[in-house]
Amino acid sequence: MPKRVWLLVIGMLINVTGNSLLWPLNTIYMNEYLDKSLSVAGLVLMANAAAGIVGNLLGGWIFDKLGGYKAIMLGIAITLVALIGLNFWHGWPHYVYFMIAIGLGGGIVFPSMYALVGTAWPEGGRRGFNAIYLAANVGVALGPAAAGVIASYSFDYLFTANMWMYVLYFILAAVAYREYDKKAAVNTNVIQERSRIDRKAPFYALLLISGAYLLAWVGYVQWQSTISTYTQEIGITLKQYSLLWTINGALIVLAQPLISPVVKRLEHRIKLQMVFGLLIMLISFIVVAFAEQFTMFVVSMVILTLGEMFVWPAVPTIANQLAPEGKIGFYQGIVNSTATIGRMIGPVIGGVIADLQGMSMMLLFITVFMAAAIVPALLYDRPLRKEQQS
């Protein structure tokens, strides 16, 4: 990979590791240290996610108008200011305000990073997005592991560690990303071309692929919500459940040589990669529906992980391919906000179905959701074909 992409990968690793220091312990901190109910903690996390959606859309817009460097620096600055404040005021209600600001800042950064990978290495295709995906998953593995150790001494140290991670990210971005900046003039000239604006087909295609992405996330997030609760009910220990996510993170890195030949064979058939991955993820929910022993949950997690390795990098790759010149940030903002919406509403949908109809029915519904996700994934390029025919 080019050096420009490696610098983005390192930045994503620092960014996600910093994020992951705090997010696994948010509910515990609000419940045990701030003495707030789980419902209140859930509302705070929902507000954080909602701010992330706004940030995703805003970040994509800023990328297209002012450039990736300015978008990323703004997002990091907002997050860093919030983290500095959190070090001094982490009581109630200040914690809520800073969590919303962190959601907004982080939301601005993510679509800009993905858009920059697409512009920094256009000939790389899926490979650049896969590298960012890998870095994010390594960060997700490192952050919580370090957070548990740091928090065992004091939660105050956790806020400090998170802040210093973002200081490091700010320095890296300020020094290394300035040269990546897309000039606003390049984008506005294209936007002003009426022929570009009149092309609706790529946007309709984006909406279809985003619909598939949303449904996939509604299913995937059940592993962090309803399925996690279910494992406790049937006697799976918290340590064993945590091990499932360790397997997920390790497999994403270690199984790359296993899926690389398949990805290379399907390099120019990105739709097939997406559908293939969704089918594998669907199978994992069928397996977990019959799981009663820890071993079967491990099997299901392995299947789920193999599926996500095809799907998650494919979506930003497709968004990058669909985006007209001058709209890359906007398109990446759409797909990033779609994932955030899925993570936000998924636990609510799964929880309501599980409470009203039971776990078996919930897993059946989620399996149907995953099957439904295949339909827009298969059809997303139809608007493009119609446009070509006309």
Side-chain angles (χ1 to χ4, degrees), residues 12 14-59 62 71-113 136 139-140 142-148 150-151 154-170 217 221 224-225 228 333 336-348 351:
M12 181 60 85
I14 297 170
N15 177 28
V16 176
T17 303
N19 275 333
S20 301
L21 284 172
L22 202 54
W23 69 256
L25 302 176
N26 263 320
T27 302
I28 295 172
Y29 181 74
M30 284 185 277
N31 184 238
E32 296 185 8
Y33 289 81
L34 299 181
D35 198 28
K36 300 299 174 184
S37 69
L38 291 176
S39 298
V40 170
L43 288 172
V44 173
L45 295 180
M46 187 173 284
N48 170 267
I53 294 168
V54 174
N56 289 154
L57 299 173
L58 182 60
I62 295 172
I72 289 173
M73 291 303 293
L74 175 63
I76 298 173
I78 291 172
T79 305
L80 187 54
V81 168
L83 288 170
I84 291 170
L86 203 55
N87 273 269
F88 292 98
W89 303 285
H90 41 261
W92 194 267
H94 300 94
Y95 194 82
V96 181
Y97 307 148
F98 291 131
M99 286 303 298
I100 292 172
I102 288 169
L104 178 66
I108 291 172
V109 168
F110 273 91
S112 303
M113 290 290 284
V140 166
L142 291 177
I150 296 168
S154 171
F155 256 98
D156 291 354
Y157 296 158
L158 199 60
F159 300 134
T160 305
N162 202 347
M163 180 189 71
W164 282 110
M165 289 297 291
Y166 270 88
V167 169
L168 180 61
Y169 189 27
F170 184 88
W217 264 109
V221 80
Q224 300 164 7
S225 51
S228 67
N336 270 273
S337 62
T338 300
T340 307
I341 293 169
R343 289 192 291 268
M344 187 169 69
I345 67 172
V348 178

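Just so it is clear, the structure is predicted and the values come from calculations on it, not from any experiment.
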Test side chain to side chain contact (heavy atoms under 4.5 Å, CB included) on K36 and V44; report intermediate values, then the result. CA-CA 10 Å; K36 300 299 174 184; V44 173; over 6 Å; no
With rounding to the nearest 0.5 angstrom, report the CD1 to CD1 distance, I62 to I72. 11.0 Å
dist T79:OG1 -> L74:CG (nearest 0.5 Å) comes out at 9.0 Å
Of all heavy-atom pairs linking A136 and V16, the shortest is O-CG1, 3.2 Å
CG of N56 to CZ of F110: how many Å apart, nearest 0.5 Å? 9.0 Å
What closest approach, in Å, do W217 and A339 show between heavy atoms, and which atom pair accounts for it? NE1-CB, 3.4 Å
As an exercise, state the distance from CD1 of I78 to CG of L58, rounded to the nearest 0.5 Å. 7.5 Å
Heavy-atom nearest pair, S337 first then L57, reads OG-CD2, 3.8 Å
Do L86 and I102 make a side-chain contact, defined as non-hydrogen atoms from C-beta onward lying under 4.5 Å apart? yes
Does the pair F159 and I150 meet the rule for a side chain to side chain contact (heavy atoms under 4.5 Å, CB included), with working shown? CA-CA 10 Å; F159 300 134; I150 296 168; over 6 Å; no
Within the distance-only criterion (no hydrogens, no angle test), does the side chain of N48 pair as donor or acceptor with the backbone N or O of M99 below 3.5 angstrom? yes
Do you know which two heavy atoms are closest between M344 and I53, and how far apart they sit? CE-CD1, 3.7 Å
Listing request: all side-chain hydrogen bond (donor to acceptor under 3.5 Å, both in side chains) pairs with a residue in residues 90-102, at least two apart in sequence or in separate chains. N26-Y95, H90-D156
Decide yes or no for L45 and M30: does some side-chain heavy atom of the first lie under 4.5 Å from some side-chain heavy atom of the second? yes
Mind listing the closest non-hydrogen atom pair of N87 and L83 along with its distance? ND2-O, 2.8 Å
Nearest heavy-atom approach of G342 to P347 is O-CD, 4.3 Å
Could you walk me through whether N162 and Y166 pass the side chain to side chain contact (heavy atoms under 4.5 Å, CB included) check? CA-CA 7 Å; N162 202 347; Y166 270 88; 3.7 Å; yes
Y33: side-chain contact (heavy atoms from CB on, under 4.5 Å) partners, not counting sequence neighbours: Y29, F155
Roughly how far, to the nearest 0.5 Å, is CD1 of I108 from CE of M73? 12.5 Å
Report the distance from atom CZ of F170 to atom CE of M165, rounding to the nearest 0.5 Å. 16.0 Å
